Amino acid sequence: MPAILASLFLIMLQAGYGQTGQTPDGISVAAGQRVPVNPTQAKYAVAAFAPHTMPFEEVLAAISSSGLTAANLAAAGWDGQFQPPEWLDNSVPSTPWIFEVVESAANLEATLARFTRAAAEIRTNSASKVGLGFRLVYQGPSPAENDAARQAAWPELAKQLRQKAEGIAAAAGTTLDPVAWIGTTVISRVGSLAGNGSSPKPSPIILNQDAWLSVRYGPALPIESGIGVSVVREELVTSHVRIGLSLTAPEEVTLTNALQTLQPLGIELGDLVSSGVPRSPFGPPEKSVSFSFERTVPLREHGPVITAMEKFSKDLAKPMVLSFGVSGLTMPAAEFEARRQVVWAEMLQEARAEAQALARALGVQAGGVLSVAESVNTYGIGNAGSVRPHSLTARFAIRR
Amino acid sequence: MSRLATYCLLLLFALPAPAQVYVTVERQIPVSALEVSFALWVEAPVTIPFSKIIEMVQPLGVTARDLRTVYSASIGAENASVIWTFQFRAPVDALAATLQKVDEAGKQVRSQTEGRVSLLSFPSSIFPPTEERLRVTQSAYASMFAEGVAKAQAIAMRAGVSLGALTAIGPTLRGSFATGVGPSYYATAIPTAGTSLDFEFGGAGPGGISVYAAASASWTRHVLVDLNVSGPPGTSPARAAQLVAPLGVTPAQAESGTVTLPEGEKPARVTYTFQQRYPLTELETLLQRIMAFAKEVAPPYNLTVSLSGITADPEELNARLPEVWPDLIAGGKREAEAFARAAGVEVGRLIEVSQDDFSRQIYPVTDFPGAFLRFAIVRRQ
């Protein structure tokens, strides 16, 4: 009998809590932890300044003593991060070709000495026509080390979150339901050069990363159920060169006239970026118009195309003036789409590995894919930007 | 298909189906009372303990609880100073009188300390007191709800659907309860309280009344102390940590690092910053210890110290959660009841608690980290 009374009392007590609104069905908690990583790698940006008509293959040959190859190419064009050496022959315009090099962080002094030596050799061998500049972008962990460090932190973070949620549950007079939702922040696998263009002086050393975890205990909600993982992979797109052209002409020149004039260079209406009348609030009004175009050509064709533009520009009837230069690197949309199909499968594997690590930390298992969302963003980092991210968000079922 | 069946089908399609409709209603409501928030900066030599600083600001009614942050450049040189930042409030009518009071206190402190301590105060913002803000915003909820219903009905009508019942209500997360903030010395009062509410009708999800609740409880102030260790290239974070290990530093506390490449005669250097958290009450003793230790660090290594803020101990916050919970939930429920009254419904049971992260660097602007609470909507019979 006393047991029945006690049970009744407990039921009444629970009902009372319900009435006063202190027993939540769902408890969401979130926490972040700074995870130490080892800065074992050093990423350098090396700029090769070469005459703008010099084909890319010849640029590579001219800087061969630096050990840089086409695989290191990361960006092209003026991005404001590098200044050409003062001694560089400036009788012809130059194009900066920017390469990224990853070395062991322990070899800082040896790497700097190597670049310095290579720069001196290149200057001598090219008769001051080609110059080399370099800077340390950052020191940090490799992507694999980064992932491992973060995944190693999940168990401790999961423990802290459980304690916190239990604290809330206890304070609210209830017990904790099973895990219904596990979420993390976006995981970026690559810190590419063009994405870190504005490296300040001195260069940063990455010593930690933030691991953020949010967990919901309670009944599953339509969207917040399962294990959600987002993966971002940045990719350097360097197969093609973007060349910007600007035609300045007397104000009576129309767009049709401009296109007819530039026809020998293969410029079409679709290449038009902008057109306008340069007007200054100070001084007399300009009597000219300008048309800006951008052409995309395969990397190997860059030299002949620029040479043709230079010849065309010299022969152009005055007072029309054509200016042109490399404005960046890119990859045609179809090529990028094909690449995405390959990367997407790898990224889903990464997402699954992360989901499994999270599941282990929370004492559950990651099941099948509940949903996958992918998105492609294109953005340019300055003019020389050549990074495009692939991003994927996947939700996996929770198995107990 | 029979004619009757066709009519029935047509009738079925002609009936507008309820749909989920979201609307947001914003208000700027006039208030009758305003307060000025003053920032008070006390610049003092690092050797003056915090307790002495509190004695100096006491005539202004400022207490240790009003401390907002503390920072300093590298400490190690003679005469290194620390800037203690406090925040206090006064009625808007007392603006001129308060500034005068600060000036007088500043003069007194300067003369007492032979110019070693200086006081600077400026009005940082003008806003309604919390109670006034709550009163005026809560009094507007009914008309905001009426506007929300009208907006939602108009949307539903245009879409050719019928408006479902209210399923969710809560403050717009992007909205802010803060009001006019003016520049220093020229702070202009904007005598309104801003509020923005979201309403959901015909929702299929869990819905409910969402509120953000905060509890009034203070916690132990800790100072963030940055230990900056620099050395030649090749110095690893572990080596740097080893150098300051006697101060209780572990490699995991490495907060950031930088490499300075050689330039001219200056060789390359690497610098690591280790961040430690110490109770404010122990700061004086601690700094003395660190500065004595810094003198012992031999070349090619170097140690400098700087203060970079005030923070809480997340473990303390977690441990004290049960203590603040009743206050937190009661405050949240009062706000939910104000929403419910306006919408002609009642507050049901608490269905969801979402606890913010106890961030690593909580500045003591709020007394205790709050939580998002969601209560069920109970319709009146």
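Heavy-atom basis, side chains included; hydrogens, waters and symmetry copies ignored. A, B, ... follow the sequence lines: proteins, then strands. Residue 1 opens every chain. Since this is a predicted model, take the numbers as computed values, not measurements.
- The minimum heavy-atom distance linking B:Thr258 with A:Pro202 is given by the pair CB-CG, 3.8 Å.
- Summarising the geometry, atom CD belonging to B:Gln253 is positioned 12.5 Å from atom CZ belonging to A:Arg34; distances are rounded to the nearest 0.5 Å.
- In this structure, the side chains of A:Gln139 and B:Val259 come closer than 4.5 Å at one or more pairs of heavy atoms.
- In this structure, chain B has heavy atoms under 4.5 Å from both the backbone and the side chain of A:Ile168.
- In this structure, CD on A:Glu166 lies 12.5 Å from CG on B:Leu321, to the nearest 0.5 angstrom.
- When all heavy atoms of B:Glu352 and A:Ile27 are compared, the closest pair comes out as OE2-N, 4.0 Å.
- Proximity to chain A (any heavy atom under 4.5 Å) is restricted, for B:Pro262, to the side chain, taken from C-beta onward.
- Contact record, B:Gly257 with A:Leu207: N-CD1, 3.6 Å, taken as the closest heavy-atom pair.
- Under the 3.5 Å distance criterion, the side-chain polar atoms of A:Asn208 are matched with a main-chain donor or acceptor of B:Ala254.
- For the atom pair A:Glu109 CD and B:Leu261 CG, the distance stands at 10.5 Å (nearest 0.5 Å).
- Contacts of B:Thr260 with chain A are made by both backbone and side-chain atoms, with heavy-atom separations under 4.5 Å.
- Only the side chain of A:Pro39 has a heavy atom closer than 4.5 Å to any heavy atom of chain B.
- Note that NZ of A:Lys164 and CD of B:Glu315 are 12.5 Å apart. Values are rounded to the nearest 0.5 Å.
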